[in-house]
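Residue numbers begin at 1 in each chain, while the letters A, B, ... track the order of the sequences.
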Amino acid sequence: MNNIAIQIKTRIPNSIKPSETPVSRANRPELLHLRLLKRCTHLIQFKQIHTHFLKKPSDPKDVLLTKLVESLVNSTYIDYAYRVFKQMDEPTTFVFNTLVRGYAISGFFNEGINLYIEMRYQEVEPDKFTYPFLLKACTAFNQGKVVHSLILKSAPFLASNIYCQTSLVSFYSSYGHLEYSRSVFDRMPDRNMVSWTAMITGYVKQKEYKEGLALFHQMQIEGIKINEMTLASVLSACAHLGAYEMGKWVHTYIDRNRVFLNPTLGTALIDMYSKCGYINKASQVFETLPLRSVCTWNSIIGGLAVHGCGEEALQRFNQMQKSDTIPDEITVIGVLSACTHSGFVEKGMELFYSMQRDYGIEPSIKHYGCLVDLLGRAGRLKEAYEIVKIMPIKPNGVVWGTLLDVCGTHGNVELAETAMKWLIELEPSNDGNYVLMSNIYAANGQWDKVAEMRRFIKNKSILKTPGCSSIEVNNVMHEFMVGDSRHPRSKEIYSMLDDLAKRLKVAGYVPKISQVLLDATEEDKR
DNA sequence: ATAGGGTTAG
């Protein structure tokens, strides 16, 4: 840590004591400063060089200060970088850009935006680097729109810059405005792999998985190169859709083209197999990965958890800690979920109450949600309700919904009603809650309450989300809704379903109809 | 010096 200070003292004594020997050509202090700057990691080292430089500044002064600002920003010492910046005679576009970037990556978004304003006041011209950085400092849709108009109005020569445009595509999609992303994307004169990937990722992040995959297919038709980032997004779409064939195709592509399975792509692949129901394949991929990140571990642990492989999930958790990977809050959610799905109640509680001490992770509302589920599914409804009552974070709809769900499983109508009261406040238009409550009444034979519930739903005009499922055939995703007749071969499909139902009946399969809403005919329930 | 990536409780 003090190496650099020692080096300054031993290697350039002439500038510490200026009266001694004259500076030789081979020992020019400004070059030494620059060389030493590259090796700085701690703030104190930067300060030493800075102080040393100020005592005997070499010309031009701004050259070293610029380098110093850049190094400080890259080491996230943003406040000190600003102090150095203030000492400059004529800050350049580069320095302003660097500071805007520094503020944006350090989370001081307003400071970043203010610095851009300062830049324009001082009549320093923005360049092609300025706006991608400025967009990183934007924290609201409207701010990004302003930046977009700034580009169009005050820097029209940048409007067709691929970096600025890709930044806009990605900015708009992260604020949920895919139509804006798409309009920028469609107007781009040149699109490369990065811009296509940004647009695909935009769709995937906004849960428009089918559109994301469609764009990926188009990207391939147009012969654009793809890389591991593209494929990670595509696999995420496959995971959410359950598009197993497409996911397998990506895996084959990776193998055939020797795409490097970096931790991100590996994680996406594991998650795809796991969400498609192939937990063994997920484990296989996990084993073969050369590098794993905390997300990789989280994905396999969470996958094992929901597949009911609690023992294996706990083993992975131990293995993870032995491999010096620090668990994060998502890891804990995965492990708690493993305990829930395998009935390890005590183990789960132990983890919950020690997570702060052992891992420095403060329980979030999601962890409390897991705890309620853990106790509730095990039938310990009283304790689950106690947690909801005393938890330090205001319980949200998920927490009350969890409680409602476990009340259904264990037939506690009274507590279910309590949960429902809160859910009417917190999630008034979540139709699933009303259906669940109604089913709980039905299972308990309280048909009058079921009818009351139904009137309530009708009065509040709550729309039931249509049941929807999808299936992939020859790489095309087909969506089906309840009562759907949009498919060109829907008549054939329904007659096939009838046939299947008959054959299931013959085979002794009994559909679970006890909890179907209301007093429908036996036939409809089935 | 710039743009794009994976995992998260009912």
Sugar-phosphate only, base, or nothing, as touched by [X] at under 4.0 Å among non-hydrogen atoms:
{"X": "A/Thr331", "answer": "nothing"}
{"X": "A/Asp328", "answer": "nothing"}
{"X": "A/Lys67", "answer": "nothing"}
{"X": "A/Asp405", "answer": "sugar-phosphate"}
{"X": "A/Asn74", "answer": "nothing"}
{"X": "A/Gly397", "answer": "base"}
{"X": "A/Met193", "answer": "base"}
{"X": "A/Thr296", "answer": "base"}
{"X": "A/Asn433", "answer": "base"}
{"X": "A/Leu269", "answer": "nothing"}
{"X": "A/Arg191", "answer": "nothing"}
{"X": "A/Ser337", "answer": "nothing"}

For a 4.0 angstrom threshold against heavy atoms of chain A, report the outermost contacting nucleotides of DNA chain B in 5' to 3' order. B/dA1 to B/dG10
Between A/Arg316 and A/Glu287, is the closest basic N to carboxylate O distance under 4.0 Å? yes
Salt bridge (charged side-chain N to carboxylate O under 4.0 Å, His left out) involving A/Glu386 - partner list, sequence neighbours excluded: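 Residues passing salt bridge (charged side-chain N to carboxylate O under 4.0 Å, His left out) with A/Glu386: A/Lys389.
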Going by ring-ring contact (aromatic ring centres under 6.0 Å, His included), A/Tyr180 matches just one of A/Phe185, A/Phe141, A/Tyr175. Which one?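 With A/Tyr180 as partner, A/Phe185, A/Phe141, A/Tyr175 yield a single ring-ring contact (aromatic ring centres under 6.0 Å, His included), made by A/Phe141.
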With A/Glu425, which residues qualify under side-chain hydrogen bond (donor to acceptor under 3.5 Å, both in side chains), at least two apart? none
With A/Asn74 via side-chain hydrogen bond (donor to acceptor under 3.5 Å, both in side chains) - residues at least two apart: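 Checked A/Asn74 against side-chain hydrogen bond (donor to acceptor under 3.5 Å, both in side chains); matches are A/Arg101.
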Mind jotting down which residue pairs meet the ring-ring contact (aromatic ring centres under 6.0 Å, His included) criterion with at least one end in residues 379-423 of chain A? Sequence neighbours excluded, please. A/Trp400-A/Trp422
Residue pairs passing the ring-ring contact (aromatic ring centres under 6.0 Å, His included) test where at least one lies in residues 258-303 of chain A, sequence neighbours excluded: A/Tyr244-A/Tyr278, A/His251-A/Tyr273, A/Phe286-A/Trp297
